[in-house]
2 protein chains.
Amino acid sequence: MTRPRYDLELLLDVAIEEFTKRGYDGTSIEHLSTATGLSKSSLYHHVEGKEHILRLGLERAVTPLLDLLDEQEAREGRAIDRLTYVLRRQIAILADQLAAVTLLLRVRGNTETERWALEQRRTFDTFIADLVRAGVADGDLRDDLDPAVVARLLSGTVNSLTEWYRPGHGSLSPETIADTMLSSSLTGLRA
Amino acid sequence: MTRPRYDLELLLDVAIEEFTKRGYDGTSIEHLSTATGLSKSSLYHHVEGKEHILRLGLERAVTPLLDLLDEQEAREGRAIDRLTYVLRRQIAILADQLAAVTLLLRVRGNTETERWALEQRRTFDTFIADLVRAGVADGDLRDDLDPAVVARLLSGTVNSLTEWYRPGHGSLSPETIADTMLSSSLTGLRA
DNA sequence: GTCTATAAATTGATAGAC
DNA sequence: GTCTATCAATTTATAGAC
(Lines give C-alpha, C1' and ligand atoms only; values in the text may rest on other atoms or scores of the structure.)
Protein backbone atom coordinates (compact mmCIF):
# COMPACT_ATOMS: atom_id res chain seq x y z
CA MET A 1 0.00 0.00 0.00
CA THR A 2 1.36 3.39 -1.01
CA ARG A 3 0.71 6.52 1.05
CA PRO A 4 -0.77 9.16 -1.16
CA ARG A 5 -2.77 10.67 1.70
CA TYR A 6 0.34 11.15 3.78
CA ASP A 7 1.97 13.15 1.06
CA LEU A 8 -1.16 15.25 0.75
CA GLU A 9 -1.17 15.95 4.46
CA LEU A 10 2.45 17.07 4.30
CA LEU A 11 1.62 19.37 1.42
CA LEU A 12 -1.24 20.82 3.47
CA ASP A 13 1.06 21.42 6.44
CA VAL A 14 3.27 23.55 4.24
CA ALA A 15 0.45 25.25 2.32
CA ILE A 16 -1.46 26.28 5.45
CA GLU A 17 1.69 27.88 6.82
CA GLU A 18 2.43 29.72 3.59
CA PHE A 19 -1.17 30.88 3.12
CA THR A 20 -1.16 32.18 6.68
CA LYS A 21 2.15 33.99 6.30
CA ARG A 22 1.55 35.68 2.98
CA GLY A 23 -2.21 35.47 2.53
CA TYR A 24 -3.97 33.17 0.08
CA ASP A 25 -3.83 35.62 -2.84
CA GLY A 26 -0.24 36.49 -2.03
CA THR A 27 0.99 32.89 -2.05
CA SER A 28 1.91 31.49 -5.45
CA ILE A 29 2.08 27.87 -6.52
CA GLU A 30 5.76 28.60 -7.02
CA HIS A 31 6.03 29.48 -3.30
CA LEU A 32 4.45 26.14 -2.43
CA SER A 33 6.74 24.39 -4.87
CA THR A 34 9.82 25.92 -3.26
CA ALA A 35 8.57 25.28 0.27
CA THR A 36 7.70 21.63 -0.38
CA GLY A 37 10.63 20.84 -2.64
CA LEU A 38 8.23 19.51 -5.26
CA SER A 39 7.90 20.92 -8.76
CA LYS A 40 4.76 22.83 -9.65
CA SER A 41 3.63 19.98 -11.90
CA SER A 42 3.96 17.50 -9.06
CA LEU A 43 1.75 19.64 -6.85
CA TYR A 44 -0.95 19.51 -9.49
CA HIS A 45 -0.73 15.75 -9.36
CA HIS A 46 -1.85 15.87 -5.69
CA VAL A 47 -4.54 18.54 -5.86
CA GLU A 48 -6.91 20.01 -8.42
CA GLY A 49 -5.65 23.57 -8.07
CA LYS A 50 -4.73 26.35 -5.71
CA GLU A 51 -8.21 26.87 -4.31
CA HIS A 52 -8.57 23.14 -3.65
CA ILE A 53 -5.52 23.31 -1.41
CA LEU A 54 -7.13 26.14 0.53
CA ARG A 55 -10.33 24.15 0.94
CA LEU A 56 -8.55 21.09 2.30
CA GLY A 57 -6.53 23.25 4.69
CA LEU A 58 -9.59 25.06 6.02
CA GLU A 59 -11.43 21.79 6.58
CA ARG A 60 -8.86 20.86 9.19
CA ALA A 61 -10.25 23.68 11.32
CA VAL A 62 -13.88 23.72 10.22
CA THR A 63 -14.59 19.99 10.65
CA PRO A 64 -13.76 19.69 14.37
CA LEU A 65 -15.55 22.97 15.14
CA LEU A 66 -18.75 21.85 13.44
CA ASP A 67 -18.44 18.41 15.03
CA LEU A 68 -18.43 20.18 18.38
CA LEU A 69 -21.69 21.93 17.51
CA ASP A 70 -23.32 18.71 16.30
CA GLU A 71 -22.35 16.99 19.51
CA GLN A 72 -24.02 19.83 21.45
CA GLU A 73 -27.36 19.57 19.64
CA ALA A 74 -28.89 17.17 22.15
CA ARG A 75 -27.11 18.52 25.22
CA GLU A 76 -28.97 19.48 28.38
CA GLY A 77 -28.00 21.49 31.43
CA ARG A 78 -27.64 25.19 32.23
CA ALA A 79 -26.53 27.41 29.38
CA ILE A 80 -23.62 28.85 31.35
CA ASP A 81 -22.19 25.36 31.85
CA ARG A 82 -22.61 24.47 28.18
CA LEU A 83 -21.05 27.82 27.22
CA THR A 84 -17.95 27.25 29.30
CA TYR A 85 -17.67 23.70 27.99
CA VAL A 86 -17.93 24.79 24.35
CA LEU A 87 -15.40 27.60 24.86
CA ARG A 88 -12.97 25.16 26.47
CA ARG A 89 -13.36 22.75 23.60
CA GLN A 90 -12.98 25.60 21.10
CA ILE A 91 -9.68 26.54 22.73
CA ALA A 92 -8.57 22.89 22.64
CA ILE A 93 -9.36 22.70 18.91
CA LEU A 94 -7.54 25.96 18.33
CA ALA A 95 -4.47 24.62 20.10
CA ASP A 96 -4.64 21.25 18.33
CA GLN A 97 -5.16 22.72 14.84
CA LEU A 98 -3.42 26.02 15.47
CA ALA A 99 -2.19 26.61 11.94
CA ALA A 100 -5.49 25.73 10.27
CA VAL A 101 -7.58 27.76 12.72
CA THR A 102 -5.26 30.72 12.17
CA LEU A 103 -5.78 30.39 8.44
CA LEU A 104 -9.54 30.13 8.95
CA LEU A 105 -9.55 33.39 10.90
CA ARG A 106 -7.57 35.14 8.19
CA VAL A 107 -9.78 34.30 5.25
CA ARG A 108 -11.70 37.23 3.77
CA GLY A 109 -14.24 36.00 1.24
CA ASN A 110 -12.56 36.71 -2.09
CA THR A 111 -13.21 33.21 -3.48
CA GLU A 112 -16.02 30.68 -3.24
CA THR A 113 -14.01 28.61 -0.78
CA GLU A 114 -13.32 31.60 1.44
CA ARG A 115 -16.99 32.52 1.49
CA TRP A 116 -17.82 28.95 2.49
CA ALA A 117 -15.36 29.23 5.36
CA LEU A 118 -16.86 32.51 6.55
CA GLU A 119 -20.28 30.87 6.56
CA GLN A 120 -19.05 28.05 8.78
CA ARG A 121 -17.51 30.59 11.15
CA ARG A 122 -20.78 32.46 11.33
CA THR A 123 -22.62 29.25 12.23
CA PHE A 124 -20.25 28.69 15.12
CA ASP A 125 -20.40 32.28 16.37
CA THR A 126 -24.19 32.26 16.26
CA PHE A 127 -24.20 29.18 18.47
CA ILE A 128 -22.06 30.98 21.06
CA ALA A 129 -24.31 34.05 20.94
CA ASP A 130 -27.37 31.85 21.55
CA LEU A 131 -25.72 30.30 24.61
CA VAL A 132 -24.89 33.74 26.03
CA ARG A 133 -28.49 34.87 25.59
CA ALA A 134 -29.72 31.68 27.26
CA GLY A 135 -27.27 32.22 30.12
CA VAL A 136 -28.70 35.67 30.73
CA ALA A 137 -32.25 34.28 30.56
CA ASP A 138 -31.29 31.64 33.16
CA GLY A 139 -30.14 34.42 35.46
CA ASP A 140 -26.57 33.12 35.48
CA LEU A 141 -25.04 35.92 33.39
CA ARG A 142 -25.38 39.67 33.94
CA ASP A 143 -28.38 41.20 32.20
CA ASP A 144 -27.01 44.76 32.12
CA LEU A 145 -24.66 44.04 29.20
CA ASP A 146 -25.64 43.54 25.56
CA PRO A 147 -25.51 39.74 25.04
CA ALA A 148 -24.57 40.14 21.36
CA VAL A 149 -21.58 42.30 22.29
CA VAL A 150 -20.59 39.96 25.11
CA ALA A 151 -20.69 36.99 22.72
CA ARG A 152 -18.51 38.79 20.19
CA LEU A 153 -16.03 39.78 22.88
CA LEU A 154 -15.83 36.18 24.11
CA SER A 155 -15.30 34.82 20.60
CA GLY A 156 -12.78 37.54 19.85
CA THR A 157 -10.83 36.76 22.99
CA VAL A 158 -10.69 33.06 22.18
CA ASN A 159 -9.71 33.65 18.56
CA SER A 160 -7.02 36.16 19.56
CA LEU A 161 -5.09 33.20 21.00
CA THR A 162 -3.91 32.43 17.46
CA GLU A 163 -1.90 35.66 17.62
CA TRP A 164 0.39 34.52 20.38
CA TYR A 165 -0.24 30.98 21.59
CA ARG A 166 2.51 28.56 20.54
CA PRO A 167 2.59 24.97 21.81
CA GLY A 168 5.48 23.21 23.49
CA HIS A 169 8.68 24.76 24.91
CA GLY A 170 7.35 24.56 28.48
CA SER A 171 4.67 27.02 27.46
CA LEU A 172 1.30 27.15 29.14
CA SER A 173 -1.09 24.34 28.32
CA PRO A 174 -4.29 25.12 26.42
CA GLU A 175 -6.19 24.04 29.53
CA THR A 176 -4.38 26.58 31.69
CA ILE A 177 -5.05 29.31 29.17
CA ALA A 178 -8.70 28.30 29.06
CA ASP A 179 -8.82 28.45 32.86
CA THR A 180 -7.35 31.95 32.88
CA MET A 181 -9.67 33.15 30.12
CA LEU A 182 -12.84 31.76 31.65
CA SER A 183 -11.96 32.81 35.18
CA SER A 184 -11.19 36.37 34.16
CA SER A 185 -14.24 36.58 31.91
CA LEU A 186 -16.73 35.16 34.39
CA THR A 187 -15.35 36.40 37.71
CA GLY A 188 -13.45 39.47 36.54
CA LEU A 189 -9.91 40.72 36.97
CA ARG A 190 -10.45 43.00 39.96
CA ALA A 191 -8.84 41.83 43.17
CA MET B 1 -2.97 76.32 -3.57
CA THR B 2 -3.39 72.88 -5.08
CA ARG B 3 -4.29 69.89 -2.95
CA PRO B 4 -1.78 67.12 -3.58
CA ARG B 5 -2.10 65.81 -0.03
CA TYR B 6 -5.82 65.41 -0.41
CA ASP B 7 -5.41 63.20 -3.42
CA LEU B 8 -2.86 61.15 -1.52
CA GLU B 9 -5.26 60.71 1.38
CA LEU B 10 -7.96 59.52 -0.98
CA LEU B 11 -5.54 57.05 -2.50
CA LEU B 12 -4.69 55.79 0.96
CA ASP B 13 -8.37 55.34 1.82
CA VAL B 14 -8.72 53.03 -1.16
CA ALA B 15 -5.38 51.27 -0.72
CA ILE B 16 -5.94 50.47 2.96
CA GLU B 17 -9.28 48.90 2.11
CA GLU B 18 -7.83 46.83 -0.74
CA PHE B 19 -4.80 45.71 1.27
CA THR B 20 -7.11 44.65 4.08
CA LYS B 21 -9.48 42.77 1.79
CA ARG B 22 -6.95 40.88 -0.28
CA GLY B 23 -3.78 41.10 1.77
CA TYR B 24 -0.79 43.28 0.89
CA ASP B 25 0.90 40.66 -1.28
CA GLY B 26 -2.38 39.77 -2.93
CA THR B 27 -3.22 43.34 -3.93
CA SER B 28 -1.71 44.51 -7.22
CA ILE B 29 -1.07 48.05 -8.37
CA GLU B 30 -3.58 47.21 -11.07
CA HIS B 31 -6.20 46.60 -8.34
CA LEU B 32 -5.46 50.00 -6.87
CA SER B 33 -5.59 51.56 -10.31
CA THR B 34 -9.04 50.11 -10.95
CA ALA B 35 -10.33 51.01 -7.49
CA THR B 36 -9.11 54.62 -7.65
CA GLY B 37 -9.90 55.21 -11.31
CA LEU B 38 -6.32 56.38 -11.85
CA SER B 39 -3.89 54.77 -14.25
CA LYS B 40 -0.98 52.82 -12.81
CA SER B 41 1.43 55.50 -13.97
CA SER B 42 -0.54 58.18 -12.16
CA LEU B 43 -0.33 56.22 -8.92
CA TYR B 44 3.44 56.20 -9.23
CA HIS B 45 3.30 59.98 -9.48
CA HIS B 46 1.83 60.11 -5.95
CA VAL B 47 3.89 57.47 -4.22
CA GLU B 48 7.30 55.86 -4.57
CA GLY B 49 5.99 52.33 -4.91
CA LYS B 50 3.67 49.70 -3.50
CA GLU B 51 5.46 49.34 -0.17
CA HIS B 52 5.44 53.12 0.33
CA ILE B 53 1.64 53.06 0.11
CA LEU B 54 1.57 50.40 2.82
CA ARG B 55 3.84 52.45 5.04
CA LEU B 56 1.68 55.57 4.75
CA GLY B 57 -1.46 53.54 5.43
CA LEU B 58 0.00 51.88 8.51
CA GLU B 59 1.14 55.22 9.90
CA ARG B 60 -2.48 56.27 10.21
CA ALA B 61 -2.84 53.63 12.91
CA VAL B 62 0.64 53.59 14.39
CA THR B 63 1.01 57.35 14.92
CA PRO B 64 -1.99 57.88 17.24
CA LEU B 65 -1.20 54.71 19.18
CA LEU B 66 2.38 55.77 19.84
CA ASP B 67 1.23 59.30 20.64
CA LEU B 68 -0.98 57.77 23.32
CA LEU B 69 2.03 56.03 24.84
CA ASP B 70 4.14 59.21 24.75
CA GLU B 71 1.39 61.12 26.48
CA GLN B 72 1.36 58.43 29.20
CA GLU B 73 5.08 58.65 29.92
CA ALA B 74 4.71 61.26 32.67
CA ARG B 75 1.35 60.08 33.98
CA GLU B 76 0.72 59.39 37.64
CA GLY B 77 -2.02 57.56 39.50
CA ARG B 78 -2.87 53.92 40.12
CA ALA B 79 -1.95 51.50 37.38
CA ILE B 80 -5.49 50.11 37.12
CA ASP B 81 -6.83 53.59 36.35
CA ARG B 82 -4.14 54.25 33.76
CA LEU B 83 -4.80 50.81 32.25
CA THR B 84 -8.52 51.44 31.83
CA TYR B 85 -7.79 54.89 30.41
CA VAL B 86 -5.31 53.56 27.86
CA LEU B 87 -7.63 50.74 26.82
CA ARG B 88 -10.49 53.22 26.35
CA ARG B 89 -8.29 55.44 24.25
CA GLN B 90 -7.05 52.43 22.27
CA ILE B 91 -10.65 51.51 21.47
CA ALA B 92 -11.37 55.12 20.46
CA ILE B 93 -8.37 55.10 18.10
CA LEU B 94 -9.47 51.75 16.69
CA ALA B 95 -12.93 53.14 16.00
CA ASP B 96 -11.58 56.38 14.53
CA GLN B 97 -9.01 54.69 12.30
CA LEU B 98 -10.82 51.40 11.88
CA ALA B 99 -9.52 50.57 8.42
CA ALA B 100 -5.90 51.41 9.20
CA VAL B 101 -5.90 49.58 12.54
CA THR B 102 -7.43 46.55 10.82
CA LEU B 103 -4.61 46.64 8.28
CA LEU B 104 -2.04 47.02 11.05
CA LEU B 105 -3.36 43.90 12.76
CA ARG B 106 -3.20 41.92 9.54
CA VAL B 107 0.39 42.63 8.64
CA ARG B 108 2.72 39.63 8.94
CA GLY B 109 6.33 40.75 8.52
CA ASN B 110 7.15 39.80 4.95
CA THR B 111 8.63 43.19 4.07
CA GLU B 112 10.71 45.80 5.88
CA THR B 113 7.64 47.99 6.35
CA GLU B 114 5.61 45.13 7.80
CA ARG B 115 8.38 44.29 10.25
CA TRP B 116 8.48 47.95 11.31
CA ALA B 117 4.74 47.80 11.96
CA LEU B 118 5.05 44.64 14.04
CA GLU B 119 7.72 46.35 16.13
CA GLN B 120 5.42 49.29 16.86
CA ARG B 121 2.65 46.89 17.86
CA ARG B 122 5.03 45.10 20.21
CA THR B 123 5.94 48.40 21.86
CA PHE B 124 2.29 49.10 22.53
CA ASP B 125 1.52 45.60 23.81
CA THR B 126 4.50 45.71 26.14
CA PHE B 127 3.17 48.92 27.66
CA ILE B 128 -0.17 47.25 28.38
CA ALA B 129 1.56 44.25 29.92
CA ASP B 130 3.58 46.55 32.21
CA LEU B 131 0.40 48.25 33.39
CA VAL B 132 -1.24 44.90 34.18
CA ARG B 133 1.78 43.82 36.21
CA ALA B 134 1.74 47.14 38.07
CA GLY B 135 -1.98 46.74 38.74
CA VAL B 136 -1.34 43.37 40.34
CA ALA B 137 1.52 44.84 42.38
CA ASP B 138 -0.80 47.62 43.59
CA GLY B 139 -3.25 44.96 44.79
CA ASP B 140 -5.97 46.20 42.45
CA LEU B 141 -5.87 43.24 40.06
CA ARG B 142 -6.06 39.53 40.93
CA ASP B 143 -2.68 37.97 41.61
CA ASP B 144 -3.76 34.38 40.92
CA LEU B 145 -3.67 34.83 37.12
CA ASP B 146 -0.59 35.12 34.93
CA PRO B 147 -0.27 38.87 34.21
CA ALA B 148 1.35 38.20 30.82
CA VAL B 149 -1.59 36.04 29.76
CA VAL B 150 -4.10 38.54 31.13
CA ALA B 151 -2.43 41.35 29.18
CA ARG B 152 -2.53 39.33 25.97
CA LEU B 153 -6.18 38.47 26.50
CA LEU B 154 -7.04 42.14 27.07
CA SER B 155 -5.16 43.25 23.96
CA GLY B 156 -6.68 40.42 21.96
CA THR B 157 -10.17 41.36 23.06
CA VAL B 158 -9.67 45.00 22.11
CA ASN B 159 -8.14 44.14 18.75
CA SER B 160 -10.91 41.65 17.95
CA LEU B 161 -13.24 44.64 17.65
CA THR B 162 -11.87 45.16 14.13
CA GLU B 163 -13.57 41.90 13.18
CA TRP B 164 -17.10 43.15 13.75
CA TYR B 165 -17.30 46.79 14.86
CA ARG B 166 -18.68 49.07 12.14
CA PRO B 167 -19.44 52.76 12.82
CA GLY B 168 -22.72 54.54 12.14
CA HIS B 169 -26.11 52.99 11.31
CA GLY B 170 -27.37 53.50 14.84
CA SER B 171 -24.73 51.02 15.96
CA LEU B 172 -23.21 51.07 19.40
CA SER B 173 -20.78 53.87 20.12
CA PRO B 174 -17.12 53.05 20.77
CA GLU B 175 -17.62 54.38 24.29
CA THR B 176 -20.46 51.93 24.95
CA ILE B 177 -18.39 49.06 23.62
CA ALA B 178 -15.48 50.15 25.81
CA ASP B 179 -17.83 50.25 28.80
CA THR B 180 -19.04 46.72 28.10
CA MET B 181 -15.54 45.41 27.54
CA LEU B 182 -14.05 46.97 30.66
CA SER B 183 -16.99 46.13 32.86
CA SER B 184 -17.02 42.48 31.81
CA SER B 185 -13.24 42.21 32.05
CA LEU B 186 -12.89 43.85 35.45
CA THR B 187 -16.11 42.80 37.19
CA GLY B 188 -16.89 39.60 35.28
CA LEU B 189 -19.91 38.31 33.43
CA ARG B 190 -21.45 36.24 36.22
CA ALA B 191 -24.73 37.59 37.57
C1' DG C 1 -0.72 65.21 -13.25
C1' DT C 2 -2.53 62.41 -16.44
C1' DC C 3 -2.10 59.12 -20.04
C1' DT C 4 -0.50 54.92 -23.49
C1' DA C 5 3.00 51.79 -24.36
C1' DT C 6 6.13 48.79 -22.85
C1' DA C 7 9.73 46.17 -20.12
C1' DA C 8 11.26 42.04 -17.51
C1' DA C 9 9.61 38.93 -14.21
C1' DT C 10 6.05 36.08 -12.17
C1' DT C 11 1.40 34.15 -12.16
C1' DG C 12 -1.88 29.62 -12.32
C1' DA C 13 -2.02 25.93 -15.07
C1' DT C 14 -0.95 22.23 -18.79
C1' DA C 15 1.66 18.94 -22.13
C1' DG C 16 4.17 15.28 -22.37
C1' DA C 17 8.66 12.71 -21.41
C1' DC C 18 10.55 9.44 -18.01
C1' DG D 1 4.71 10.58 -9.35
C1' DT D 2 8.17 13.19 -10.78
C1' DC D 3 10.24 16.25 -13.97
C1' DT D 4 11.33 20.21 -17.86
C1' DA D 5 9.29 23.14 -21.00
C1' DT D 6 5.87 26.06 -22.08
C1' DC D 7 1.40 28.85 -22.24
C1' DA D 8 -1.35 33.17 -21.83
C1' DA D 9 -2.23 36.41 -18.38
C1' DT D 10 -0.68 39.36 -14.83
C1' DT D 11 2.97 41.44 -11.94
C1' DT D 12 5.81 45.93 -10.43
C1' DA D 13 7.65 49.52 -12.52
C1' DT D 14 9.41 52.92 -16.16
C1' DA D 15 9.64 55.95 -20.55
C1' DG D 16 7.98 59.58 -22.58
C1' DA D 17 3.98 62.15 -24.90
C1' DC D 18 0.41 65.60 -23.71
Side-chain angles (χ1 to χ4, degrees), chain A residues 1-58 103 106-117, chain B residues 1-58 103 107-116:
Chain A
M1 173 176 157
T2 57
R3 26 171 247 195
R5 297 284 303 169
Y6 180 64
D7 289 335
L8 176 59
E9 296 306 313
L10 274 182
L11 164 58
L12 289 184
D13 288 344
V14 172
I16 289 169
E17 194 142 327
E18 293 294 311
F19 285 158
T20 299
K21 195 161 67 189
R22 232 180 308 265
Y24 173 67
D25 294 293
T27 304
S28 69
I29 300 287
E30 179 76 37
H31 282 132
L32 300 182
S33 170
T34 303
T36 55
L38 284 180
S39 69
K40 286 195 286 180
S41 300
S42 298
L43 296 183
Y44 279 98
H45 180 82
H46 291 285
V47 292
E48 292 164 23
K50 192 181 170 187
E51 195 170 349
H52 186 217
I53 304 177
L54 177 65
R55 170 77 185 220
L56 293 172
L58 289 171
L103 178 59
R106 235 161 253 183
V107 138
R108 291 306 141 184
N110 299 315
T111 65
E112 190 56 45
T113 299
E114 294 177 81
R115 286 186 286 276
W116 163 81
Chain B
M1 174 177 156
T2 56
R3 28 173 246 198
R5 296 285 303 170
Y6 181 64
D7 287 337
L8 176 59
E9 297 306 314
L10 275 182
L11 164 58
L12 289 185
D13 288 344
V14 173
I16 289 169
E17 195 142 327
E18 295 293 312
F19 286 158
T20 299
K21 195 161 66 188
R22 233 181 307 265
Y24 172 68
D25 293 292
T27 304
S28 69
I29 300 286
E30 179 76 36
H31 282 132
L32 301 183
S33 170
T34 303
T36 56
L38 283 180
S39 70
K40 287 192 285 180
S41 299
S42 297
L43 295 182
Y44 279 98
H45 180 82
H46 291 285
V47 293
E48 292 165 22
K50 191 181 170 186
E51 194 170 351
H52 185 217
I53 303 176
L54 178 64
R55 170 75 185 222
L56 293 173
L58 290 171
L103 178 60
V107 137
R108 291 305 141 186
N110 300 315
T111 65
E112 191 55 45
T113 298
E114 294 178 81
R115 286 187 286 276
W116 163 82

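Numbers restart at 1 for each chain; the letters A, B, ... are given by sequence-line order, proteins then strands. In this text, all values refer to a predicted model and were calculated from it rather than measured experimentally.
Nearest to the side chain of B:Glu30, among D:dT4, D:dT12, D:dT11, sits D:dT11. In this structure, the nucleotide among D:dT2, C:dT4, C:dG1 sitting nearest to the side chain of B:His45 is C:dG1. Here C:dA15 is the nucleotide among C:dT11, D:dT12, C:dA15 with the atom lying nearest to any side-chain atom of A:Ser41.
Shortest non-hydrogen contact noted between B:Val14 and B:Ala35 is CG1-CB, 3.4 Å. Of all the heavy atoms in B:Ile53 and B:Ala15, the pair that sits closest is CG2-CB, 3.4 Å. Between B:Tyr44 and B:Ile29, the shortest heavy-atom distance links the atoms OH-CG1, 3.6 Å.
Taking atom CG of B:Leu43 as the reference point, atom C1' of D:dT14 lies 14 Å away to the nearest angstrom. In this structure, A:Leu11 atom CG and D:dT2 atom C1' are separated by 14 Å, rounded to whole Å. With rounding to whole Å, B:Glu48 atom CD is found 15 Å from D:dT12 atom C1'. Separating the CD1 atom of A:Ile29 from the P atom of C:dA9 is a distance of 22 Å, rounded to the nearest angstrom. In this structure, the OH atom of B:Tyr44 is 12 Å from the P atom of D:dA15, given to the nearest Å. The distance from atom NZ of B:Lys40 to atom C1' of C:dA5 is 10 Å, rounded to the nearest whole Å. One atom, CG of A:Leu32, and another, C1' of C:dT10, lie 14 Å apart when rounded to the nearest Å. Rounded to whole Å, atom P of D:dT4 lies 11 Å from atom CG of A:Leu38.
Residue-level contact check: B:Thr27 touches the backbone only, with heavy atoms under 4.0 Å from sugar-phosphate atoms and none from bases.
Using modelled atom types, one finds no donor on one side chain facing an acceptor on the other under 3.5 Å when comparing B:His31 with B:Thr34.
Classification of A:Arg108 and A:Glu114 as a salt-bridged pair fails, no side-chain N sitting under 4.0 Å from a carboxylate O.
For C:dG1, the OP1/OP2 oxygens have no side-chain nitrogen or oxygen of B:Ser42 closer than 4.0 Å.
Closest-nucleotide positions on DNA chain D for A:Ser39 and B:His31 were compared, and the one nearer the 5' end corresponds to A:Ser39. Checking B:Gly37 against A:Ser28, the closest nucleotide of DNA chain C that is more toward the 5' end is the one next to B:Gly37.
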